[in-house]
Amino acid sequence: MTENYIQPKTGDAVNCDRHNPFETLVKRLDLMIRARYSLLYIVGAEEEPVEAVIAQVALEVTPARRVLFWDIVRGWEDNGSGKGSVMAALDRIGKTAVEEYTIFVLRDLHPILKYPYTEKNVPVVRELRNLTRELKRSKKTIILTSHALELPEELQEEVTVIDFPLPNFQEIDRLISHVVAKPEQLQVTGLAREQLVKACQGLSRARIGRVLAKALAAKQQINESDIDGVLEEKQQAIRQTGILEFCNSQESLKNVGGLENLKQWVKMRQDAFTDEARSYGIPNPKGVLLVGIQGTGKSLSAKTIASEWRLPLLRLDTGRLFGGLVADSASRVRQMIELVEAIAPCVLWIDEIDKAFGNIISGGDGDSGTSRRVFGSLITWMQEKTSPVFIVATANNVRILPAQLLRKGRFDEIFFLNLPSEKERQDIFQVHLQRLRPTRLREFDLGVLAKRAENFSGAEIEQVVIDGLYRAFGTFVNGQRRDLTTEDILRSIEETVPLATIARSQIEDLKRWAAETGAKTASNYT
């Protein structure tokens, strides 16, 4: 047992109180064992907490069960038999007396259960099916434990899968107190302690223990300054998933030109994830779908929502959700959901969702149904989730998205982001010039710039301002570089061909779609 994990004790950590993170799991395991579920599969990132809970449940079940652990390297822990052989381990289970109350825990069997099958794992799957049928008439239970879910089709009807959660707010709060040897070493109280606990959400118990132990080793105490260290650890943990990215966003609504309807919608919901909102009866917002051509501000809006609501922003790389095998993708979806729900409240940004799931309609995914399975898991979670995870999905080509994604209940609202109007173009020029030349803003003719940049997207407006900067930077007057002028930007506008010129038919099609579906326009200008 490592020093980073608090071992649950009888009558202590797993007692059934409303703050206990193990309560539901303990009750569920207890019921299944008493109901003679013969094959269970617990998926969890940490092995020791899982096994501690199994041991606790074995004591609480009446009559109490004996628990035996096995792994491929050391065999059965009580006598070392079954070392190096899964079949030998299963043979012992089959030969144990029917009347013995025993829980057999098999660690890390997922590589054996993984497709494609070989001469080694086909017998294992077959014997598991045999044992599952036989154990229903006995007092024995098999529990598979692993960090990953690998479940062949042959076992899907036989096994019950249980997810072992990452620590919740209450458990993290207790864990922080247990890490310090002396109360005076914990120099965080009130709001600072709450921020530290929230920073730890989404981390495993071992990671929390390590990062706090590091702080203690460095300065013999834990204080508010350690919150940044915890956030760095969280970013590393998220990067290691390979499917989520932790985004640091400092954007605000002031940095968004135009899109007044969308901005007003965001402002109205800025306190939606507070306890006060829950008490008032307001449900957690589910999310928005932002539709428009490239450069109209969809990604900027996603970042702004997270920053405005002061919530962490996680970007989902949908391309990495798809593994070479269906089981790999299913495991990644489960991992993603577990992590974002542990970090919640948060914003989950699914960028260009049409590229990931647009081919499902035509059936041209060409990946043996992996895309459809991942999509099915994702939209089911989107519909049924109760955790405060706000989804911001963006799409360029909404026509190819499956109808299931667009129906009511998946998102709170669908916004159409059109090319900016003249007034919005003026606002966008003002945003960028205010940031670059705040003291000279009045020297620029924003009205002329907005008129000349007709059909330019927000991203293209930003680019012509940058191009104008380069033009001014490369021009010398009396031996010195001159500053940016309206003329520099106008010349950049003249040399730029906006995407709207090329994608005119796509824009018109999006406008028709918005009119047909009743999607809200993000702008209140025409």
Side-chain angles (χ1 to χ4, degrees), residues 255-263 289-304 351-356 358-359 362 393-401 414-436 444-475 484-517 519-526:
N255 297 331
V256 179
L259 306 182
E260 293 301 323
N261 286 343
L262 175 58
K263 286 157 72 172
L289 174 63
L290 307 179
V291 178
I293 66 168
Q294 295 94 325
T296 49
K298 300 186 297 296
S299 297
L300 175 61
S301 297
K303 297 174 183 177
T304 301
D351 200 20
E352 297 187 336
I353 196 171
D354 49 322
K355 289 186 177 180
N359 54 8
S362 62
T394 68
N396 299 324
N397 188 358
V398 70
R399 292 281 192 184
I400 66 174
L401 284 175
I414 299 176
F415 283 98
F416 169 53
L417 281 71
N418 200 353
L419 288 172
S421 65
E422 183 176 330
K423 176 62 172 64
E424 288 179 314
R425 294 196 298 273
Q426 187 169 329
D427 291 343
I428 295 170
F429 273 113
Q430 181 172 330
V431 166
H432 294 301
L433 291 171
Q434 178 73 45
R435 183 169 59 239
L436 293 171
F444 295 94
D445 194 332
L446 301 180
V448 171
L449 291 172
K451 285 182 180 295
R452 296 282 288 275
E454 185 178 4
N455 292 327
F456 276 56
S457 68
E460 289 166 336
I461 290 173
E462 180 183 14
Q463 191 57 50
V464 296
V465 173
I466 293 173
D467 289 345
L469 273 176
Y470 277 109
R471 189 183 304 279
F473 183 73
T475 305
L484 177 68
T485 66
T486 299
E487 287 301 319
D488 293 319
I489 301 174
L490 288 174
R491 289 187 61 185
S492 297
I493 291 173
E494 291 174 1
E495 296 174 0
T496 302
V497 179
L499 178 63
T501 304
I502 305 169
R504 189 177 302 277
S505 60
Q506 181 186 351
I507 296 170
E508 293 303 318
D509 186 55
L510 280 173
K511 289 180 179 178
R512 286 192 296 271
W513 170 84
E516 293 167 2
T517 61
K520 278 191 175 182
T521 57
S523 168
N524 62 3
Y525 299 113
T526 57

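Heads up: numbering here begins at 1 and tracks the sequence. From a predicted model like this one, the values you see are computed outputs, not experimental measurements.
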Listed pairs under 3.5 Å, donor-acceptor, residues 465-472 side chains, sequence neighbours left out:
{"residue": "Asp467", "atom": "OD1", "partner": "Gln463", "partner atom": "NE2", "Å": "3.1"}
{"residue": "Arg471", "atom": "NH2", "partner": "Glu495", "partner atom": "OE1", "Å": "3.1"}

Q) Would you find a donor on one side and an acceptor on the other, under 3.5 Å apart, between the side chain of Glu424 and the backbone of Ser421? A) yes
Q. Looking at Glu494 and Arg491, does any basic side-chain N land under 4.0 Å from a carboxylate oxygen?
A. no
**Q.** Exercise: identify the closest heavy-atom pair between Asn396 and Gln506
**A.** O-NE2, 3.5 Å
(Q) Test your reading of the model: is there a side-chain donor-acceptor pair from Thr394 to the backbone of Lys298, 3.5 Å cut-off? (A) no
Q) Atom CG in Leu417, atom CD in Gln294: separation rounded to 0.5 Å? A) 12.5 Å
Q: Of all the heavy-atom pairs spanning Asn418 and Lys511, show the shortest one and how long it is.
A: ND2-CE, 3.3 Å
Q. Looking at CD1 of Ile293 and CZ of Phe416, how far apart are the two atoms once the value is rounded to the nearest 0.5 Å?
A. 8.5 Å
Q: Mark yes or no for whether Glu460, through its side chain, and Leu499, through its backbone, hold a donor-acceptor pair below 3.5 Å.
A: yes
Q) Is there a donor-acceptor contact under 3.5 Å from the side chain of Arg425 to the main chain of Ala453? A) yes
Q | CG-CG distance between Asp427 and Leu446, expressed to the nearest 0.5 angstrom | A | 9.0 Å
Q. Any idea which heavy atoms bring Asn455 and Ala500 closest together, and the distance?
A. O-CB, 3.5 Å
Q. When Ser299 is tested against each of Thr304, Asp351, Leu290 for side-chain contact (heavy atoms from CB on, under 4.5 Å), which residue passes?
A. Asp351
Q: Evaluate side chain to side chain contact (heavy atoms under 4.5 Å, CB included) for Glu508 paired with Arg512, printing each intermediate quantity in order.
A: CA-CA 6 Å; Glu508 293 303 318; Arg512 286 192 296 271; 3.9 Å; yes
Q: Assess whether side chain to side chain contact (heavy atoms under 4.5 Å, CB included) is satisfied between Ile428 and Phe456, documenting all intermediate values.
A: CA-CA 11 Å; Ile428 295 170; Phe456 276 56; over 6 Å; no
Q: To the nearest 0.5 Å, tell me how far Phe444 CZ sits from Thr486 OG1.
A: 6.0 Å
Q.
I need the minimum non-hydrogen distance between Leu419 and Ile507, along with the two atoms involved.
A. CD1-CD1, 3.7 Å
Q. Side chains of Asn397 and Trp513: closer than 4.5 Å at any heavy-atom pair?
A. no
Q) For Ile489, which of Ile461, Leu433, Val448 qualifies under side-chain contact (heavy atoms from CB on, under 4.5 Å)? A) Leu433
Q. Going from CG on Leu259 to CZ on Phe415, what distance comes out if it is rounded to the nearest 0.5 angstrom?
A. 10.0 Å
Q | Student check: side-chain heavy atoms of Leu490 and Leu449 closer than 4.5 Å | A | yes
Q. Counting N and O atoms only, with roles assigned by atom type, does the side chain of Asn261 sit under 3.5 Å from a partner on the main chain of Thr521, one being a donor and the other an acceptor?
A. yes
Q | Pairwise distance CG(Asp354) to CD1(Ile400) - rounded to 0.5 angstrom | A | 5.0 Å
